[in-house]
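Just below is one structure, and these are the notes that go with it.
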Amino acid sequence: MEINLISDTVTKPSPEMLEVMFAAKVGDDVFKQDPTVNEFERSVADLFGMEAALFFPTGTMANQTAIKLNTNPGNQIICDKWSHIHLYESGGASSNSGVNFNLLDGKRGMITAEQVAAGINDPEFYHTPLSKMVGIENTTNKGGGACYEIEELQKIKQVCVDYQLKYHLDGARLWNAMVAKKQQPKEFGKLFDTISVCFSKGLGCPIGSVLLADGETMHRALRIRKIFGGNLRQSGYLAAAGIYALQNNIKRLEDDHRRAKELGVQLAKCSWVSVVEPVETNIVVFSAQAHILDQEVIAKLKQKGISVSLLAKGKIRIVTHLDYCQVMHEYVLEVLDKMSF
């Protein structure tokens, strides 16, 4: 049995998803003539109560487009030091938009309104970059799937209003956050200027993210997507997967969260584990005892047919997902229970 828990990006389309993909009505989306893409974008925009949406091949491209929409060269983005837009997008913010970061020391990848307010540069002091955008990641990847309370996001929004800052949400795993916290998409739509949501992680699509904003902003996004090479032609086949995911794969995220928490409980019982970080969604981060190398743990699990990943030195990551079924889960729990060093 091969069990891949490296990421929730490893899932493959289910037979039911493939069926709707093959049956999709398509056209040329560059001319906005693909009916399935148009339906998909309208559905996501309506779900969040926002004016418009645009389909992207990747979440990174959607985030980079949002940064370019919300900033000018020389501006500064305020975000947590572990933010994906800073760590894992190949320096795109500086390369594509000519901006830099004020990196805040948050808690598990989450920042507070007080930290944001303290991190804003004086706009009259021209020696420092002009603070222009606040970036939020929810759930936090490097923070182990932690998710924000709406109340804190509302407080940060007020800071953005007071200081005329743009407010972007990298919602790569926002679906997980909403299920875990019993939040609604429109709560986020009311707060943020731009939101990116991913369909190729928890929702099990083979590709795709969507960027949301007001109509005028999304019209400008068309040009930026073109500049980045993100235009697709008969992309309705891919959008059909997104529509299927919206209708079928959100509620089932509860299963991923339950299994992740059970893995966390089992790991906490293991004598060779020193720390298990709080498990809120589908990501489990743990540390082995100091005398045990990370690669030893990874290799021993691999011998049992279980693949996990190294998040950082001393931090091993397990991610549950759509293709991780109960039979696999029970096997992994048993392996962890019997492992020793």
Side-chain angles (χ1 to χ4, degrees), residues 1-12 59-60 80-91 103 105-110 137 139-147 172-173 176 180 198 200-202 204 253 255-341:
M1 185 183 299
E2 293 295 325
I3 301 173
N4 193 337
L5 297 175
I6 288 175
S7 176
D8 44 10
T9 59
V10 303
T11 60
K12 298 177 178 64
T60 293
D80 185 86
K81 66 182 184 300
W82 286 351
S83 292
H84 194 279
I85 59 173
H86 163 60
L87 287 179
Y88 299 121
E89 298 190 4
S90 298
L103 301 173
D105 188 14
K107 182 178 181 181
R108 297 183 68 211
M110 298 182 293
E137 185 182 335
T139 69
T140 63
N141 174 32
K142 199 167 181 180
C147 28
R173 293 184 175 91
N176 295 86
C198 183
S200 63
K201 293 185 176 70
L253 291 171
D255 294 333
D256 297 344
H257 298 171
R258 172 181 58 79
R259 289 172 182 142
K261 288 174 183 177
E262 290 173 358
L263 289 170
V265 170
Q266 180 58 59
L267 283 163
K269 296 177 183 177
C270 297
S271 60
W272 51 273
V273 172
S274 62
V275 175
V276 180
E277 296 186 8
V279 181
E280 291 186 62
T281 51
N282 68 322
I283 300 177
V284 185
V285 177
F286 68 97
S287 303
Q289 294 288 349
H291 66 283
I292 302 171
L293 297 175
D294 297 328
Q295 292 302 331
E296 286 184 75
V297 178
I298 294 172
K300 186 162 282 195
L301 287 169
K302 186 67 175 176
Q303 289 171 2
K304 297 292 184 178
I306 303 166
S307 297
V308 299
S309 62
L310 187 64
L311 183 63
K313 185 178 180 181
K315 290 191 174 188
I316 299 169
R317 187 179 80 156
I318 294 174
V319 187
T320 58
H321 51 75
L322 177 67
D323 289 354
Y324 177 60
C325 65
Q326 188 62 26
V327 172
M328 295 177 177
H329 181 55
E330 291 170 5
Y331 170 75
V332 174
L333 289 173
E334 182 181 353
V335 168
L336 291 173
D337 182 48
K338 294 179 178 178
M339 270 182 65
S340 61
F341 289 86

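Note that the structure is predicted; figures quoted are calculated from it, not measured. In this chain, residues are counted from 1 in sequence order.
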Next item on the list: Kindly indicate, with the supporting measurements, whether the criterion side chain to side chain contact (heavy atoms under 4.5 Å, CB included) is fulfilled by His329 and Gln326.
Entry: CA-CA 5 Å; His329 181 55; Gln326 188 62 26; 3.8 Å; yes
Notebook entry, point to check: side chain to side chain contact (heavy atoms under 4.5 Å, CB included) between Arg259 and Ile318: does it pass, once the steps are laid out?
Noted result: CA-CA 11 Å; Arg259 289 172 182 142; Ile318 294 174; over 6 Å; no
Next item on the list: Dump the intermediate steps for side chain to side chain contact (heavy atoms under 4.5 Å, CB included) on Val285 and Ile316, then the final yes or no.
Entry: CA-CA 6 Å; Val285 177; Ile316 299 169; over 6 Å; no
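In this structure, Ala180 and Glu280 approach most closely via the heavy-atom pair CB-O, 3.8 Å. Counting all heavy atoms, side chain and backbone alike, Leu267 lies closest to Val273 at O-CB, 3.5 Å. Shortest non-hydrogen contact noted between Ala288 and Ser274 is O-OG, 3.2 Å. In terms of heavy-atom proximity, Val319 sits nearest to Ile6 at CG2-O, 3.7 Å. The minimum heavy-atom distance linking Lys81 with Gly106 is given by the pair NZ-O, 3.9 Å. Shortest non-hydrogen contact noted between Thr140 and Ile283 is O-CD1, 4.4 Å.
In this structure the side chain of Ile3 never reaches within 4.5 angstrom of the side chain of Lys304, judged on heavy atoms. Side-chain atoms of Asp80 and Lys142, non-hydrogen and from C-beta on, never get closer than 4.5 Å to each other. Under the 4.5 Å side-chain criterion, counting only non-hydrogen atoms from C-beta, Lys201 is not in contact with His321. Side-chain contact check for Leu336 versus Leu301: some heavy-atom pair is nearer than 4.5 Å. Side-chain contact between Gln289 and Phe341 is absent, with no heavy-atom pair separated by less than 4.5 Å. Annotation: side chain of His84 is in contact with side chain of Glu89 (closest heavy-atom distance under 4.5 Å). Lys315 has its side chain within reach of Glu277: a pair of non-hydrogen atoms, C-beta onward, lies under 4.5 Å apart. When side chains are defined from C-beta on, Trp272 counts as touching Val297, because their heavy atoms get closer than 4.5 Å.
Salt bridge Glu262/Arg258: present, at least one basic N to carboxylate O contact under 4.0 Å.
The OG1 atom of Thr139 lies 7.0 Å from the CD atom of Glu137; values are rounded to the nearest 0.5 Å. Interatomic distance, NZ of Lys313 versus OG of Ser287, reported as 12.0 Å (0.5 Å rounding). The structure places OG of Ser83 at 10.5 Å from CG of Asn141, a figure rounded to the nearest 0.5 Å. Put simply, CZ on Phe286 and CG on Asp294 are 8.5 Å apart, with the number rounded to the nearest 0.5 Å. Asp256 contributes atom CG, which lies 9.5 Å from atom OG1 of Thr281 (distance to the nearest 0.5 angstrom). Atom OH of Tyr331 and atom CD1 of Ile306 lie 5.0 Å apart (nearest 0.5 Å).
When only modelled atom types and interatomic distance are considered, Asn282 and Asp8 share a side-chain donor-acceptor pair under 3.5 Å.
In this structure, Ser307 contributes its side chain and Asn4 its backbone to no donor-acceptor pair below 3.5 Å. When atom types are taken as modelled, the side chain of Lys300 and the backbone of Ser340 share a donor-acceptor pair closer than 3.5 angstrom.
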